[in-house]
Structures are given as C-alpha cells and as structure tokens.
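What follows is a set of notes on a single structure, which appears directly below.
This one's a predicted model, so the numbers in the text were calculated from it and none came from an experiment. Throughout, a chain's letter reflects where its sequence line sits, starting with A, and its residues are numbered from 1.
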Amino acid sequence: AQSVSQHNHHVILSEAASLELGCNYSYGGTVNLFWYVQYPGQHLQLLLKYFSGDPLVKGIKGFEAEFIKSKFSFNLRKPSVQWSDTAEYFCAGGSYQLTFGKGTKLSVIP
Amino acid sequence: IAGITQAPTSQILAAGRRMTLRCTQDMRHNAMYWYRQDLGLGLRLIHYSNTAGTTGKGEVPDGYSVSRANTDDFPLTLASAVPSQTSVYFCASSELAANNEQFFGPGTRLTVL
C-alpha cells in the first residue's frame with residue numbers, strides 16, 4: 001500500500017529562519033507529489049506540485065520542494081519564513097489515489 | 001467565484017441520527033472526494049467518485065455512503081451517526097483522476113454527541 005510520511009509533527013521557528021519540512025513516500029508507479037498548506041481555520045490550498053521534469057519545484061509564497069528519487073523524498077523548503085507562514089503543511093502523493101501525510105504544524109514566532 | 005461549497009458549515013448531531021453533508025462544485029471537474037480530518041491523523045479518504053455515476057471506497061468508508069447523480073454534487077450521508085464520526089469533513093474535486101491537483105471546499109465541522 002502506498003504511504004506518505006512527514007518527519008515532524010510540530011516545528012517552531014523565529015521569523016527569517018530557514019525552513020525544511022521532510023516528506024517521504026513509499027509507492028511505485030507514476031510519482032505525483034504535492035504540498036498543501038492549511039492556514040488556521042481555512043481549507044487546504046496547493047503550494048506546489050511535482051509530476052515530472054525538473055526535480056526542483058517552485059511554488060507560491062517563496063516555497064520550493066526538491067524531488068529526490070533515490071531517497072523517495074520531497075522536502076519542502078523556504079529560505080526565510082514569515083509570521084504569516086504559520087499553518088499546517090501536508091505532503092501528499094500517489095500513483096492513483098492521493099495519500100496525505102499526517103501534517104506538520106509550523107509556528108513562526110515574530 | 002468558481003470553487004467548492006459545502007453545507008452546513010458546522011453541525012451538532014445526536015448519535016443515531018441521519019445526516020447528509022452537501023458538496024457542490026462549479027468547475028465541471030470529473031472527480032470528487034470526501035475526506036475527514038482528525039488531529040494527528042491528517043486527511044483520510046472516505047469515498048471518491050472519478051466521474052458522475054460512479055463511486056468508490058477510500059481508506060475509511062464504514063458508516064458513510066455517497067452518491068454522484070451529476071457532475072456538480074457529491075453528498076456524503078451518515079446513516080446513523082456515532083461519536084467517532086466527530087470530525088472536520090472536507091470535500092475536494094480534481095479535473096481528472098486523483099493524481100491531479102485537488103481543490104478543497106471550506107469544510108464542515110461535525111460533532112456527534
């Protein structure tokens with residue numbers, strides 16, 4: 001069965017710190033990977049996606065992710081976080097049906 | 001504005017009661033999904049529909065049923081609610097099958113007492 005795992009449950013950073021959230025997937029076939037963000041009290045919104053091509057994917061709000069096939073990873077990065085990035089982040093993937101990770105809560109301290 | 005609407009926004013329900021959560025999309029997407037979101041468990045797929053007239057079971061389908069009579073609507077029914085179904089329910093849609101970008105509705109917060 002396919003699975004997506006996220007390494008961190010809760011990450012606390014100060015503003016301007018760099019961010020990296022881990023995500024590993026475990027499934028075969030076509031690799032389609034996504035990062036979604038959920039701001040407090042809101043629904044999920046797409047940050048970025050990877051289907052094929054350049055393994056470094058740039059998304060909205062300065063986020064990027066790198067697909068490393070040999071490590072089955074798709075980590076999310078941002079060079080300098082802002083207080084407004086406080087949210088929960090979900091990695092998702094699947095060759096047919098999407099499977100979501102359990103989420104990483106990011107708290108950014110001003 | 002195009003998107004997904006869900007109703008109700010929130011609901012408190014007595015155990016044993018029947019409840020239907022409504023979901024409508026106006027993007028003419030073929031595929032639709034229902035997820036439940038629980039603290040520490042992320043999103044789990046309940047049921048899905050790849051196209052009007054077809055439905056399938058997800059990871060946690062027990063106690064829930066769906067129908068897809070047309071492209072736009074995808075209601076989720078709890079035939080006899082139980083407290084373990086207390087959760088936030090999100091409806092989503094995608095243009096094609098699940099490996100495309102999914103767009104999410106605002107969610108329904110359901111409490112079963």
Where along residues 103-110 of chain A does a heavy atom come under 4.5 Å of chain B, listed by residue number? none
Enumerate by number any residue of residues 36-48 of chain A whose heavy atoms lie under 4.5 Å from heavy atoms of chain B; in the absence of such residues, state 'none'. Tyr36(A), Gln38(A), Gln42(A), His43(A), Leu44(A), Leu46(A)
Do Ile46(B) and Phe104(B) sit in the same hydrophobic cluster, where Ile, Leu, Val, Met, Phe, Trp and Tyr count as joined when their side-chain heavy atoms come under 4.5 Å apart? no
Contact part of Leu45(B) toward chain A, heavy-atom cut-off under 4.5 Å: side chain, backbone, both or neither? side chain
Less than 3.5 Å apart, which donor and acceptor atoms pair up between the side chains of residues 105-113 of chain B and the rest of the protein, not counting sequence neighbours?
| unit_1 | atom_1 | unit_2 | atom_2 | d |
| --- | --- | --- | --- | --- |
| Thr108(B) | OG1 | Pro8(B) | O | 2.6 |

Which atoms of Glu59(B) come close to chain A, meaning under 4.5 Å heavy atom to heavy atom: side chain ones, backbone ones, both, or neither? neither
Which residues in residues 59-91 of chain A have any heavy atom lying under 4.5 Å from a heavy atom of chain B? Glu88(A), Phe90(A)
Do the side chains of Phe90(B) and Val66(B) join up, straight or via other hydrophobic residues, at under 4.5 Å, putting them in one cluster? no
Are Val60(B) and Phe74(B) joined in one hydrophobic group, where the rule is that I, L, V, M, F, W and Y side chains link up if heavy atoms are under 4.5 Å apart? yes
Quick one: do Tyr35(B) and Leu76(B) end up in the same hydrophobic cluster if we chain Ile, Leu, Val, Met, Phe, Trp and Tyr together by side-chain heavy atoms under 4.5 Å apart? no
Please examine the side chains of Tyr48(B) and Leu98(A), heavy atoms only from C-beta on, and report whether any two atoms are closer than 4.5 Å. no
Options Leu39(B), Leu43(B), Val88(B), ranked by heavy-atom pairs under 4.5 Å with chain A, top entry: Leu43(B)
His9(A) atom NE2: more than 12 heavy-atom contacts under 6.0 Å: no
Shared ILVMFWY cluster between Met32(B) and Ile4(B), side chains joined below 4.5 angstrom? no
